[in-house]
Amino acid sequence: MANDPIGVIGAGTMGAGIALVCAKMGYQVLLLDADPVVLEKAQEYFLSTLSRDVEKGRLTKTQKEETLRQLLPVQEMELLRDCDIVIEAVSERLELKKSIFRSLTEVCRDTALLCTNTSSLSITEIAGGLPHPERIIGLHFFNPAPVMPLVEVISGKKSSSKNVEKVFQFAKELGKIPVLASDSPGFIVNRVARPYYNEALRILSDRMASVEQIDRIMKQAGGFKMGPFELQDLIGIDVNFSVTESVYSHFFHEGRFKPSRIQQQMVQAGNLGKKTGEGFYDYDK
């Protein structure tokens, strides 16, 4: 299958990471984004990441050059027409995703597998009203995609079991550990993770402990690799807040999933974590 091109839509943090994962496993990847600046940043990311892998002895210079040749930036969706698998990795906005999949159903052949990297939106809702919904599957990577081994494979109401199995095997071919998840708000990981973030934010709001104290306690006493605030900064506070809003809404405003005003204000201020230089921590320092 590694001779067939893979399409990735969205060259931001997740899309670029997913594209790199595929390219490292020998797939030719067409990385689509309408913004040339975002594509340029993705190429800078590929070069810096692969150069670091060479320095650490994980790759040879030849492997680095071969991987870079596999990554092709494109700006026109029509160029994805020959892809057997397309992975959408744009922001968590339902109408945007539906619009992309509507276009993909017109461009791609009927047998192409169309996957969404959504972290919380309904696969059934994304596929609703589109032709051949049986080939629309959730394929949720975690940030950073080249490092995190787990991948959720989510079946929508009309996703065929045969296509779900194909996506599951594809994730294995990428060297990932896939798990099957039902089409429930937040799926498995993001549903489990909500209390980790939300309770930390409530403790902060109640002034029981500081950001640094909470992170330190969770790492030293809880055994977590990252504290809840470090992790929010890495993922992106806007992304984390959006997922919490989605889970809260789809569970009919169940109190335990209620979003935090602290997160909302940080998003409004543009303090989104590492990607903006400031979040719960100041990265410019």
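This chain uses plain numbering: 1 for the first residue, then up along the sequence. Scope of the values below: all heavy atoms of this structure, side chains included, with no hydrogens, waters or symmetry mates.
Heavy atoms of other residues, nucleotides or ligands lying less than 6.0 angstrom from NZ of K172 number 12 at most. Heavy atoms from other residues, nucleotides or ligands lying under 6.0 Å from CD of E40 number 12 at most.
Note that OH of Y248 is 10.5 Å distant from CD of E245, once rounded to the nearest 0.5 Å. Taking CE from M226 and CD from Q232, the interatomic distance works out to 10.5 Å, rounded to the nearest 0.5 Å. For the atom pair OG of S246 and CZ of F251, the computed distance is 10.0 Å after rounding to the nearest 0.5 Å. Put simply, CG on L47 and OG1 on T67 are 12.0 Å apart, with the number rounded to the nearest 0.5 Å. We find the CD1-CD distance between I177 and E152 to be 13.0 Å, quoted to the nearest 0.5 Å. Considering SG of C115 and NE2 of H140, their distance stands at 13.0 Å, rounded to 0.5 Å.
Residues L150 and F142 come closest through the heavy atom pair O-CD1, 3.2 Å. Nearest heavy-atom pair across G26 and Q70 is O-NE2, 2.9 Å. Nearest heavy-atom pair across F241 and S260 is CE1-O, 3.8 Å.
Checking R216 against Q213 by side-chain atom types alone, no donor-acceptor pair falls below 3.5 Å. Using a 3.5 Å distance cut-off with no hydrogens or angles, the side chains of N190 and S120 do not pair a donor with an acceptor.
In this structure, I126 is not a member of the same hydrophobic cluster as L113, with clusters built from ILVMFWY side-chain heavy atoms closer than 4.5 Å. L80 is not connected to I85 by any chain of hydrophobic side-chain contacts under 4.5 Å among Ile, Leu, Val, Met, Phe, Trp and Tyr, and they are in different clusters. Hydrophobic clustering, with ILVMFWY side chains joined whenever heavy atoms are under 4.5 angstrom apart, keeps L39 apart from V37. Placement of L104 and I137 in two distinct hydrophobic clusters is found when ILVMFWY residues are connected by side-chain heavy-atom separations under 4.5 Å, directly or transitively.
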Quiz item: Between Q169 and E173, does a side-chain hydrogen bond (donor to acceptor under 3.5 Å, both in side chains) hold up when you go through it step by step?
Solution: CA-CA 6 Å; Q169 291 303 321; E173 288 174 18; over 6 Å; no

Practice problem: Report the C-alpha distance between L231 and F224 in whole Å, list the side-chain angles of each, state the deciding distance to 0.1 Å, and finish with yes or no for side chain to side chain contact (heavy atoms under 4.5 Å, CB included). | Solution: CA-CA 10 Å; L231 197 48; F224 290 87; over 6 Å; no

Practice problem: Could you check T111 against R135 for side-chain hydrogen bond (donor to acceptor under 3.5 Å, both in side chains), going step by step and ending with a plain yes or no? | Solution: CA-CA 8 Å; T111 56; R135 42 90 169 259; over 6 Å; no

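The aromatic rings of Y27 and F170 sit perpendicular to each other, their planes meeting at more than 60°, with 30° as the lower class boundary.
A distance-only check finds a donor-acceptor pair linking the side chain of R109 to the backbone of D82 [under 3.5 Å]. K176 contributes a side-chain N or O that, together with a main-chain N or O of M148, makes up a donor-acceptor pair within less than 3.5 Å. Put simply, the side chain of T276 gets close to the backbone of G273: a donor and an acceptor are under 3.5 Å apart.
Ion pairing between a basic and an acidic side chain is recognised when a charged N comes within 4.0 Å of a carboxylate O; R202 and E199 show such pairing.
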